[in-house]
Amino acid sequence: TPLASTLAADLGWPFVFYIPGCFVAVWLIAWVLMAYDSPAKHPRILEEEQKYIESSIGAKKEKPKVPWLKVLKSLPTWALIVGQFSSNWGNYFLATQLPNYMQNMLGFSIRAN
């Protein structure tokens, strides 16, 4: 994108990741300060709104317990974990090292592209 190439050319390619990461951190802080698990826990909600929301949702159902030991012993679970880890490692490696390789080894200008 034009923004990514401008950031990479002016500040260096790592800033293509640092700047969006800062925006995500600010969003996370705002979310933690303003989001609540239920209307009953929200300090700034009107009582009328709380009753309306809770009556619209209906009765809470009890969640079944997750058999974590069976999940962790499952071969398909481990296949998914290994596959996801490997895919993510390859994608992140390419995303972080490809601009460096293209600029330093192949001589491509990030700004010109």
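Remember, it's a predicted structure, so these values are computed and weren't measured experimentally. By convention here, the first residue in the shown sequence is residue 1. Below, each value reflects all heavy atoms present in this structure, side chains not excepted, and no hydrogens, waters or symmetry copies.
Proximity of Ile45 to Ile53: side-chain heavy atoms (C-beta onward) are separated by under 4.5 Å at one or more points. For the pair Val82 and Ser86, the minimum side-chain heavy-atom distance is below 4.5 Å. Counting heavy atoms from C-beta on, the side chains of Leu11 and Thr6 never come closer than 4.5 Å. At least one side-chain heavy atom of Tyr36 sits under 4.5 Å from a side-chain heavy atom of Arg44.
No side-chain donor-acceptor contact under 3.5 Å links Ser87 to the backbone of Gln84. In this structure a side-chain-to-backbone donor-acceptor pair under 3.5 Å is missing from Gln97 to Leu94. Between the side chain of Thr77 and the main chain of Val71, a donor-acceptor pair closer than 3.5 Å is present. Here the side chain of Trp13 pairs no donor or acceptor atom with the backbone of Thr96 at under 3.5 angstrom.
Under a hydrophobic clustering in which Ile, Leu, Val, Met, Phe, Trp and Tyr are joined whenever their side-chain heavy atoms come within less than 4.5 Å, directly or via other members, Phe23 and Leu28 fall into different clusters. Connection of Val24 to Ile29 is not established within any shared hydrophobic cluster, with ILVMFWY side chains joined at heavy-atom distances below 4.5 Å, either directly or through further cluster members. Cluster membership for Trp68 and Ile81, using ILVMFWY side-chain heavy atoms within less than 4.5 angstrom, is not shared. In the hydrophobic clustering of ILVMFWY residues, with side-chain heavy atoms under 4.5 Å counting as a link, Val26 and Ile19 come out apart.
Aromatic rings from Phe93 and Trp89 are positioned such that their centres are separated by under 6.0 Å.
Applying the 6.0 Å contact sphere to OH of Tyr92 captures no more than 12 heavy atoms from other residues, nucleotides or ligands.
For His42 against Met34, the heavy-atom pair with the smallest separation is NE2-O, 3.9 Å. Counting all heavy atoms, side chain and backbone alike, Val16 lies closest to Ala4 at CG2-O, 3.4 Å.
For the atom pair CG (Leu80) and CZ (Phe85), the distance works out to 15.0 Å, reported to the nearest 0.5 Å. Rounded to the nearest 0.5 Å, atoms OG (Ser56) and NZ (Lys51) are 13.5 Å apart. In this structure, Cys22 SG and Phe17 CZ are separated by 13.5 Å, a value rounded to the nearest 0.5 Å.
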